[in-house]
Amino acid sequence: MAQVGRVLIAGAGPVGLTLAGELARYGVPVRIVDKAAERTDKSKALVLWSRSLELLARTGTARDFIASGMEVYGARISHGDSLIGEINFDEAESPFPAAVMIPQSETERLLETHLESLGVSVERSTELAAFTLTSDGVAATLRDAAGGEEAVEADWIVGCDGAHSLVRHTLGMDFTGTTQPSDWVLADVHLEGLVPDKLDIFWHADGILAFFPIAGGRYRVVADLGPAHGAVRPDPSLAEVQALVDTRGPGGIRMHDPFWLANFRINERKVKDYSLGRAFLAGDAAHIHSPAGGQGMNTGMQDAFNLGWKLALVAHGLARPALLDSYSIERSAVGEMVLRNATRMTEMAVMRNPVAQAVRNFAAHVVLGLSQVQRRASLSLTELEIAYPHSPLSVTAPHAPHGDAPKAGERWPQLEMNASPIGAGATPRFALIAAGNAAGVLAAAFGDLVEHRAPPIGLEGLWVVRPDGYVGLAAGATDLAAAEAYFAGILV
């Protein structure tokens, strides 16, 4: 039996833990190291969106995150005590029609618990000191807290090691972008005076004030402080944040018992390519942006889900190595979209011109009353709109279904909480969705790598759905030749 390829992951935040869990689930030998002695105790990233929860459902852990967090079903935008508009999440066509508010420390705990259940532990107080790429793998040096070094070899390395990524620096990849010229403040506190059913955003003449409920009366409060001058300001006091809340909020909000108070600036940067040879980047190592929209951690975790099944198939010798080339193509395009959307939301929130603010508030009030705008905003925030239409893995054959039928590159609808998602289990399997016994015979020819499913009632066509739930092929209902050719182009 051929040896399964080995993967070394640098960084055990949410992205590294997600990738390690996917590889371990698929039986790929993996080592994950982190120089920190223990998980973060900070809340940091706070939200898991619907698409991330759908992907976590493939691992059997989505319910654990919901149980440990707090479901929020929409967002309100207000000016003082006047409502400008609302965005509702609960109409999302997903078994997870809500944002789950959960501190990053808890997200990491749940991901690490899942990883340990698969027989893999994070090697803490262990950092990636250096590595070189070879023709057939990676030669790396690991260093422990006492300074002891270990030479290791792997077939691939993945940098999930954050904005100051050693992997990215070693590869010589440019992290292009800017630091936004404004100061921001955040506070994790207990407070009274808001109903924690939605995210609350206040547009004030002095700037934005946003409240993100967590659980147990705890909130994340974020506000911009205007143009930056010199070094980052010292961390604020609770009284200073309370003064901002009193000025910009609706009144009657009182904060106490802070967990975390900090000032920060927003960096918006991204690499062009997410891979070089046998090295890959994921999460903050590849892209950082404004926290507007809460997309950062989710985007990184979805990087990991995208890369995981591809690495697993290639590591087991079941797919052509060229499959890995699609990772950078697909996820770099998503990173560009997230960066663009986050920048746009930030610029809208921090505008200072009174006339521009009045126009913004009026326009937002009008357009957020339109159902189609509501739907688009919800799809964007919940990340259900993410698709790979221009991927080399997205193929539209002649006579593919038209209208509302899923297109190549789009997410295959996942509507039932209790239904087994495509991609669940210990094998990264594709689904051949087509009617008839002949489709079942074709699927069986690929063993455990392809399962046959009947199309939903009312849909006529043939689809190949990838292990991460995106449509790879859309074809005519009887076009089994297109499906066979699609599998032959990927699998060996």
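Residues: numbered from 1 along the sequence shown.
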*Asks:* If only atom types and distance count, is the side chain of T18 paired as donor or acceptor with the main-chain N or O of P14 below 3.5 Å?
*Replies:* yes
*Asks:* On a heavy-atom basis, which atom in A62 and which in L53 lie closest, and how many Å separate them?
*Replies:* CB-O, 3.7 Å
*Asks:* Counting heavy atoms not belonging to Q372, are there more than 12 under 6.0 Å from its CD?
*Replies:* yes
*Asks:* Quick check on E91: does its CD atom have over 12 non-hydrogen neighbours (other residues, nucleotides or ligands) under 6.0 Å away?
*Replies:* no
*Asks:* Could you tell me whether a side-chain N or O of E123 sits under 3.5 Å from a main-chain N or O of V33, the two making a donor and an acceptor?
*Replies:* no
*Asks:* Might you point out which heavy atoms bring Q414 and P95 nearest each other, and give the distance in Å?
*Replies:* O-CD, 2.5 Å
*Asks:* E410 side chain to K407 main-chain N or O, any donor-acceptor pair under 3.5 Å?
*Replies:* yes
*Asks:* If the plane angle is over 60° it's perpendicular, under 30° parallel, otherwise tilted; pick one for H256 and H190.
*Replies:* parallel
*Asks:* Answer yes if the side chains of R168 and Y274 hold a donor-acceptor pair under 3.5 Å, and no otherwise.
*Replies:* no
*Asks:* Considering only NZ, NE, NH1 and NH2 on the basic side and carboxylate oxygens on the acidic side, decide whether R344 and E347 come within less than 4.0 Å.
*Replies:* no
*Asks:* Please examine the side chains of P196 and Y219, heavy atoms only from C-beta on, and report whether any two atoms are closer than 4.5 Å.
*Replies:* yes
*Asks:* With R466 as the cation and F305 as the aromatic partner, state whether NZ or CZ is under 6.0 Å from the six-membered ring centre and within 45° of the axis.
*Replies:* no
*Asks:* Within a radius of less than 6.0 Å around CZ of F362, do more than 12 heavy atoms belonging to other residues, nucleotides or ligands occur?
*Replies:* no
*Asks:* Are any non-hydrogen side-chain atoms of E54 and S94 less than 4.5 angstrom apart?
*Replies:* yes
*Asks:* So does H79 have more than 12 non-hydrogen atoms from other groups sitting under 6.0 Å from NE2?
*Replies:* no
*Asks:* Would you check if the side chain of W203 reaches a backbone N or O of M348 as a donor-acceptor pair within less than 3.5 Å?
*Replies:* no
*Asks:* Where is the tightest heavy-atom contact between F212 and L199, given as atom of each residue plus distance?
*Replies:* CD2-CD2, 3.9 Å
*Asks:* Check for a donor-acceptor pair, side chain of D34 on one end and backbone N or O of A36 on the other, with a separation under 3.5 Å.
*Replies:* yes
*Asks:* Is the count of non-hydrogen atoms from other residues, nucleotides or ligands lying under 6.0 Å from R375 atom CZ greater than 12?
*Replies:* no
*Asks:* Under a 4.5 Å cut-off applied to non-hydrogen side-chain atoms, are K44 and W260 in contact?
*Replies:* yes
*Asks:* Just by modelled atom types, is the D206 backbone N or O under 3.5 Å from a matching donor or acceptor in the R248 side chain?
*Replies:* yes
*Asks:* For a side chain to side chain contact (heavy atoms under 4.5 Å, CB included) check, start with the C-alpha distance between T107 and M297, then their side-chain angles and the critical distance, and finish with the verdict.
*Replies:* CA-CA 10 Å; T107 294; M297 181 181 71; 4.3 Å; yes
*Asks:* Tell me the closest heavy-atom pair linking F89 and S378, and the distance in Å.
*Replies:* CA-OG, 3.9 Å
*Asks:* I'd like to check L17 versus L110 (side-chain heavy atoms, cut-off strictly below 4.5 Å). Are they in contact?
*Replies:* no
*Asks:* Side chains of R51 and T299: does their closest heavy-atom pair fall under 4.5 Å?
*Replies:* no
*Asks:* Using a 6.0 Å cut-off, check whether atom CG of D404 has over 12 heavy atoms from anything other than its own residue.
*Replies:* no
*Asks:* Are more than 12 heavy atoms from other residues, nucleotides or ligands located less than 6.0 Å from atom NZ of K198?
*Replies:* yes
*Asks:* Restricting to non-hydrogen atoms, name the atom on V7 and the atom on V28 that form the minimum distance, rounded to 0.1 Å.
*Replies:* CG2-CG1, 4.0 Å
*Asks:* If we count only N and O atoms by modelled type, under 3.5 Å, do the side chains of K270 and S332 hold a donor and an acceptor together?
*Replies:* yes
*Asks:* Indicate yes or no for a side-chain donor-acceptor contact from S50 to the backbone of F96 under 3.5 Å, with no hydrogens or angles considered.
*Replies:* yes
*Asks:* What do you reckon, is CZ of R352 surrounded by more than 12 foreign heavy atoms closer than 6.0 Å?
*Replies:* yes
*Asks:* Under a 3.5 Å threshold, yes or no: a donor from one side chain and an acceptor from the other, between D41 and S105?
*Replies:* no
*Asks:* What closest approach, in Å, do V271 and A285 show between heavy atoms, and which atom pair accounts for it?
*Replies:* CG1-O, 4.3 Å
